[in-house]
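A short write-up of the structure that comes next.
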Amino acid sequence: MRALVAFLAIAVATQAEGRARDLGIPFEGTPGPLNAITDVPGVEVGQKTLVEGEGPLIVGKGPVRSGVTIVFPRGHGNLKPVYGGYFNLNGNGEMTGLAYMQDFGTISGPIGITSSNAIGHVYAGIQEWAVQHGGEAVYPVVAETWDGWQSDINGFHVRPATAKAALDAAKSGPVEEGVVGGGTGMHCFSFKGGIGTSSRAITAGAKSYSVGVLVQCNTGDRKVLRIAGVPVGRNLQNSWLPCYDPRQSRPDQTPKCGTEGRALPDSGSIIIVVATDAPLMPVQLNRVAKRAALGLARLGSYSGTSSGDLIVAFSTVPESVNGPDQKAPSPLTPIADTEVNAVFEATVQATEEAIVNALVAARTSTGADGYTMYALPHGELQAILKRFGRLEERKP
């Protein structure tokens, strides 16, 4: 038992405050002022986190490690649709609203991200909230990743009221990352995962725009993890692996913390949301969404067969779009395809950094049956990057 306590103490002690760049991890491109999806004007993020109970799993009672993350494309005071696009990198998951995007190229109202078994409740909560605040229901995009490793997923603790609390909490400004909102019970390359975000300031066609990304990371094979091009996963392949706290788990639940751990397969899913104020048509946004997959690939992911890797992209321009109820055309001069490469490149860069930010922000977490996921150890990460010549000097 003393060995376990010491092991957990070391895990906490290795963490430092800050985001990925604060650790000296190098990234390409110029971030926006917040380095967050909220650098795109009008975008707001709201989150509701559920952390309740500890010890053995009792379906319907807990423990609970779950929640909801909401992205408002135009802010909580404006539920008008935006042009949207999507890419299904691997379809072992669920994302609503794809029929509207396929036929009309639009996203209606806020985007919700949550636990796999909470799709319906979050969808209903968004509709109820929209009626209360806008007078009529919207048909939103809601996506999920599986948090059943640490949470009573079959207890359906995320309800419509949970979604409405996240909607009410939406705001501009800095975005909380790591073990929060829909990302509360998630892993990322067998480390503790969750919510991460990043942005890029770009120029396209002689005009300035922002590209922002938010991810809910619950995927990845430890051995292939690469950060800043460095094989971090290979160097940490046998340490800080998920395990069961012997004080809270059954004897048959192995491996036990303090002795060994076991890496998770490349499963569980990732949701990626890309936002921009660059004027883009739906077909261009489909192409932008595809590029986010390249940002995930920079981390070493091969998009395992049991991972639902789903991506949605939207543009906040124009103010009104040609949706199914539009009675007059909305003028839009999109970025020429000769200039859209700037958006593509920014999407790849911001996706990569958002995932690393999720890893860096997450803290060691113990959930149902004492199942423990360890935070990515900052000190060890920096030592590995330095050994490969990829650690930057931190600015004072």
Side-chain angles (χ1 to χ4, degrees), residues 37-38 40-48 67-86 93-115 118-144 158-172 175 181-182 195 197 212-216 271-277 280-282 285-286 288-289 310-327 330 332:
I37 194 170
T38 46
V40 178
V43 173
E44 295 180 358
V45 174
Q47 307 194 80
K48 176 62 177 178
V68 179
T69 296
I70 295 288
V71 177
F72 277 97
R74 301 190 186 278
H76 68 275
N78 186 344
L79 299 181
K80 288 183 179 179
V82 292
Y83 281 135
Y86 69 95
E94 182 63 78
M95 178 181 285
T96 68
L98 298 186
Y100 271 101
M101 280 190 277
Q102 183 175 3
D103 272 17
F104 297 100
T106 59
I107 295 172
S108 177
I111 297 167
I113 317 174
T114 188
S115 166
I119 283 275
H121 290 304
V122 172
Y123 194 100
I126 292 175
Q127 287 192 310
E128 291 175 11
W129 191 95
V131 170
Q132 293 164 0
H133 291 79
E136 60 181 345
V138 296
Y139 301 94
V141 170
V142 181
E144 52 78 25
V158 174
R159 310 296 295 181
T162 318
K164 289 192 276 188
L167 291 157
D168 287 336
K171 58 182 175 40
S172 57
V175 176
I195 299 297
T197 188
V213 172
L214 182 141
V215 304
Q216 181 164 295
I271 302 301
I272 304 173
V273 180
V274 184
T276 186
D277 58 351
L280 298 173
M281 295 298 290
L285 289 164
N286 286 336
V288 169
L310 304 174
I311 305 162
V312 61
F314 65 83
S315 172
T316 58
V317 177
E319 184 178 349
S320 297
V321 301
N322 293 331
D325 300 321
Q326 188 78 3
K327 295 180 173 59
S330 298
L332 172 66

Rounded to the nearest 0.5 Å, the CD1 atom of Ile70 sits from the OG1 atom of Thr114 at a distance of 8.5 Å

Heavy-atom nearest pair, Ile37 first then Ala275, reads CG1-CB, 3.8 Å

Output for pair (Lys164 NZ, His133 NE2), nearest 0.5 Å, gives 9.5 Å

Original post:
Is the backbone of Val138 close enough, under 3.5 Å, to the side chain of Gln127 for a donor and an acceptor to pair up by distance?
Top reply: yes

ask   = With side chains defined as the heavy atoms from C-beta onward, is the minimum distance between Thr276 and Val288 less than 4.5 Å?
value = no

For residues 93-113, which side-chain N or O atoms pair as donor and acceptor with protein atoms under 3.5 Å away, sequence neighbours left out?
unit_1 : atom_1 : unit_2 : atom_2 : d
Thr96  : OG1    : Pro140 : O      : 2.7
Thr96  : OG1    : Val142 : N      : 2.8
Ser108 : OG     : Tyr139 : N      : 3.4

Please step through side chain to side chain contact (heavy atoms under 4.5 Å, CB included) for the pair Leu79 and Trp129, ending with a clear verdict. CA-CA 11 Å; Leu79 299 181; Trp129 191 95; 4.1 Å; yes

Does a sphere of radius 6.0 Å around CD in Gln132 hold more than 12 heavy atoms from other residues, nucleotides or ligands, not counting ones at 6.0 Å or beyond? yes

Closest non-hydrogen contact found for Val82 with Ser315 is CB-O, 3.4 Å

Next item on the list: Without swapping roles, check the side chain of Arg74 against the backbone of Pro81 for a donor-acceptor pair under 3.5 Å.
Entry: yes

- Message: With heavy-atom distances below 4.5 Å as the criterion, would you say the side chains of Thr316 and Pro41 are in contact?
- Response: no

Q) Is Asn78 close to Phe72 at the side-chain level, that is, under 4.5 Å between some pair of heavy atoms? A) no

**Asked** Does the Gln216 side chain pair with the main chain of Ile271, one donor and one acceptor, at a distance under 3.5 Å?
**Response** no

message = With side-chain hydrogen bond (donor to acceptor under 3.5 Å, both in side chains) as the criterion, how do Gln47 and Thr69 come out once you've worked through the C-alpha distance, each side chain's angles and the decisive distance to 0.1 Å?
response = CA-CA 4 Å; Gln47 307 194 80; Thr69 296; 2.7 Å; yes

#### Entry: side chain to side chain contact (heavy atoms under 4.5 Å, CB included) between Tyr83 and Asn322, intermediate numbers included
CA-CA 8 Å; Tyr83 281 135; Asn322 293 331; 3.5 Å; yes

*Hey, mind stepping through Tyr86 and Val141 against side chain to side chain contact (heavy atoms under 4.5 Å, CB included) and telling me if it holds?*
CA-CA 11 Å; Tyr86 69 95; Val141 170; over 6 Å; no

Heavy atoms of Lys80 and Ser320 approach each other most closely as NZ-OG, 3.8 Å

dist Leu310:CG -> Glu144:CD (nearest 0.5 Å) comes out at 7.5 Å

Checklist line | Thr197 side chain to Val213 backbone, donor-acceptor under 3.5 Å | finding: yes

* Within a strict 4.5 Å, meaning less than it, do heavy atoms of the His121 and Thr162 side chains meet? -> no

Exactly one candidate in Val175, Asp277, Val71 meets side chain to side chain contact (heavy atoms under 4.5 Å, CB included) with Val43; the answer is Val71

